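None of these values were measured; they are calculated from a predicted model. Below, chains carry the letters A, B, ... as their sequence lines are ordered, and counting in each starts from 1. Any value given below was found using the heavy atoms of this structure, including those in side chains, with hydrogens, waters and symmetry copies removed.
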Amino acid sequence: MSEEKSLNFLEEIIENDIKSGLHNGRVHTRFPPEPNGYLHIGHASSICLNFGLAKKYNGKCNLRFDDTNPSTEEAEYVNSIKSDIEWLGFQWHKELYTSDYFEQLHDYAVTLIKKGLAYVDDSTAEQMASMKGTLNTPGTDSPFRSRSIEENLTLFAEMRAGKYKDGEKTLRAKIDMAHPNLLLRDPLMYRIKHEHHHRSGDKWCIYPMYDFAHGQSDSIEEVTHSICTLEFIHHRPLYNWFIEKLEIFPSKQYEFARRNLTYTVMSKRKLLQLVNDKHVNGWNDPRMPTISGMRRRGYPAEAIRNFADTIGVAKRENIVDLGLLEFCVREHLNKVTNRVMAVLDPIKLVLTNYPDGQTEVFEAENNPEDPASGSREIPFEKELWIERDDFMEEAPKKYFRLAPGKMVRLKSAYIIQCDSFEKDADGNVTTVYCTYLPESRSGNDTSGLKVKGTIHWVSVAHAHTAEARLYDRLFSVSDPANEDGDFKDYINPDSLRTISTIYIEPELSKAKNGDKVQFMRNGYFCVDSDSTPDKLIFNRTVTLRDNWAKEQKKA
RNA sequence: AGUUCGAUGGUGUAACGGUAGCACCACAGACUCUGACUCUGUUAGUCUAGGUUCGAAUCCUAGUCGGACUACCA
């Protein structure tokens with residue numbers, strides 16, 4: 001019972017806060033996406049963190065759409081974000097929008113103007129940039145910095161009323177143009193944008209900047225722990241400055257390092273390029289690191305949550321091995337998927353001593369990891385499809401499969417011995433001839449034989465067909481964003497291999513969209529949404545571990 | 001260069017002044033009607049230099065290396 005689970009740094013902060021009675025021990029977090037794109041695995045980490053922390057400490061987690069920029073945001077994204085979060089298995093306390101606070105935020109701005117802490121600036125963006133100074137040199141005050149409170153009030157009201165064009169005026173906080181933190185050199189609070197907003201419509205033509213919206217929104221919702229990624233750490237003094245000057249609920253911001261993954265890219269800009277340049281087929285392409293892509297790929301939500309849990313949270317730079325995600329995926333799929341037989345690269349196997357036209361039905365366990373999964377029936381005949389890889393003319397020493405003179409077991413059926421084979425004009429093996437041992441029948445094997453190899457098969461007469469899409473990592477280098485040149489030069493040309501016809505056991509033809517199975521000795525697959533009633537399409541989620549492949553590579 | 005955050009095996013993460021642990025990967029073996037799963041074992045780490053201390057991954061000082069910040073984006 002007393003197994004002390006170590007805490008991450010955020011849990012430590014929260015537990016200390018609870019201990020000290022801060023906000024009466026109340027914990028309230030939020031997940032604040034901007035509805036301008038699709039969620040990816042990085043967001044998944046943040047979701048698991050924010051919702052997970054709330055759950056662990058009996059708190060609440062809001063979903064807040066940070067929609068302060070009408071130029072980039074669309075309702076379409078709101079829906080995809082919501083369904084991604086739900087699919088991950090989380091339920092938000094409230095669905096909220098920063099745009100719902102526009103009136104309140106405006107009033108906060110007026111408050112600051114009245115306190116002499118904000119002013120309307122007529123400078124252009126270029127002028128402002130030139131007065132900003134640099135990392136090493138202080139900035140200079142704007143000529144409009146000393147406008148009177150009354151004038152600022154009037155001007156700001158006129159800005160709101162639509163008297164000015166985009167870019168003509170801004171509202172700025174009056175802090176310190178020489179501050180070493182550039183964000184505190186009189187940051188913009190409001191800009192003019194005569195644009196239609198996906199929720200507030202045309203009611204507003206001035207929109208708050210992130211820095212003037214985020215902390216106050218947290219505060220309005222009485223969020224206790226506002227958790228964001230490390231690149232916002234420089235914003236924290238500003239976050240606190242607004243809350244302090246406004247004298248509102250003191251939400252606190254904490255930062256963690258965003259999680260990176262090998263063999264992919266995560267920035268919205270890069271992902272957008274992949275989509276626009278058609279390197280992938282949309283945001284939910286199974287190769288994309290988006291939540292919708294991973295869902296379509298067949299990654300279970302449980303696996304993603306487990307992954308987020310396993311990699312934890314810290315403040316140091318990191319790049320997590322994709323292999324760890326795949327491990328989590330396999331770990332879960334192993335427990336829940338039924339085993340089925342499918343032949344992806346077929347050659348024909350003929351059992352010369354098996355009666356023509358005879359059919360036998362074998363019963364096969366669905367999932368040895370889960371006794372409750374039951375069993376199914378598989379028809380067996382004289383002619384079977386087997387995997388090309390499972391036969392070799394000349395077998396190397398540790399090859400446990402078919403070769404002239406060698407024996408294997410046909411999974412759930414008989415032990416067979418290879419006698420001969422046929423090749424076509426190009427030298428490709430077309431047919432393998434074997435004899436079966438009737439007394440080795442699965443379930444009541446009296447042969448006394450032990451064979452090292454077991455292979456899967458599908459009856460030629462009963463096989464159904466399907467398409468398989470074999471996905472592999474999107475990039476051929478582990479950190480494409482940090483290579484020389486364009487990251488797109490490092491796209492893996494073999495990230496998708498389509499096999500138009502594979503043979504599947506009859507039972508599998510009943511599979512429905514989204515179903516997940518294990519193709520025995522091959523990998524985990526799921527039914528793709530492109531499937532039609534007369535054509536099933538299987539996505540390869542992830543391969544099985546393959547020690548034989550490693551063995552071969554060494555040789 | 002200024003500010004700021006960080007540095008523990010190949011990767012991710014613990015150890016809160018007192019035995020450097022866990023997971024993934026890799027490797028070796030056992031088991032196997034999936035070369036899967038499972039099980040056992042092995043390799044491998046505290047950025048550097050000083051200091052404080054009986055004792056330092058942990059505290060202090062200096063350095064090194066890496067990241068972030070100069071959008072009317074979030």
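- Using a 4.0 Å heavy-atom criterion, one finds that Arg401(A) contacts the bases of the nucleic acid, with or without backbone contacts as well.
- Salt bridge annotation for Glu221(A)-Arg30(A): absent, with no cationic side-chain nitrogen under 4.0 angstrom from a carboxylate oxygen.
- For residues 165-197 of chain A, the ring pair (Phe, Tyr, Trp, His ring centres under 6.0 Å) pairs, not counting sequence neighbours, are Phe102(A)-His197(A), Phe156(A)-Tyr190(A), Tyr190(A)-Phe212(A), His197(A)-Tyr207(A).
- The side chain of Lys452(A) places no N or O atom within less than 4.0 Å of a non-bridging phosphate oxygen (OP1 or OP2) of G35(B).
- Across all strands shown, Gln518(A) has heavy atoms under 4.0 Å from base atoms, whether or not it also approaches the sugar-phosphate.
- Under 3.5 Å, the side chain of Thr72(A) and the base of C73(B) form no donor-acceptor pair of N or O atoms.
- Note on His214(A): nothing from the nucleic acid sits closer than 4.0 angstrom, heavy atoms only.
- The side chain of Arg191(A) contributes an N or O atom lying less than 4.0 Å from OP1 or OP2 of C73(B).
- Among the heavy atoms of the strands lying under 4.0 Å from Tyr210(A) is at least one base atom, whether or not backbone atoms are also near.
- Across every strand in view, U61(B) sits in a pair with A49(B) that passes the Watson-Crick or G-U test at under 3.5 angstrom.
- Judged by Watson-Crick or G-U wobble contacts below 3.5 Å, the nucleotide U3(B) has A68(B) as its partner.
- If you check every strand for non-hydrogen atoms under 4.0 Å, Ile233(A) touches sugar and phosphate atoms only.
- The residue Leu183(A) sits apart from the nucleic acid: no heavy atom pair falls under 4.0 Å.
- At the heavy-atom level, Tyr190(A) lies nowhere under 4.0 Å from the strands shown.
- Nucleotide C24(B) has G10(B) as its partner under the Watson-Crick or G-U criteria, with both atom distances under 3.5 Å.
- For G12(B), the base has no donor-acceptor partner in the side chain of Arg259(A) [N/O atoms by modelled type, under 3.5 angstrom].
- The salt bridge (Lys or Arg N to Asp or Glu O under 4.0 Å) test with Arg376(A) singles out one residue from Glu505(A), Glu363(A), Glu365(A), and that residue is Glu505(A).
- OP1 or OP2 of A74(B) lies within a sub-4.0 Å distance of a side-chain N or O belonging to Thr68(A).
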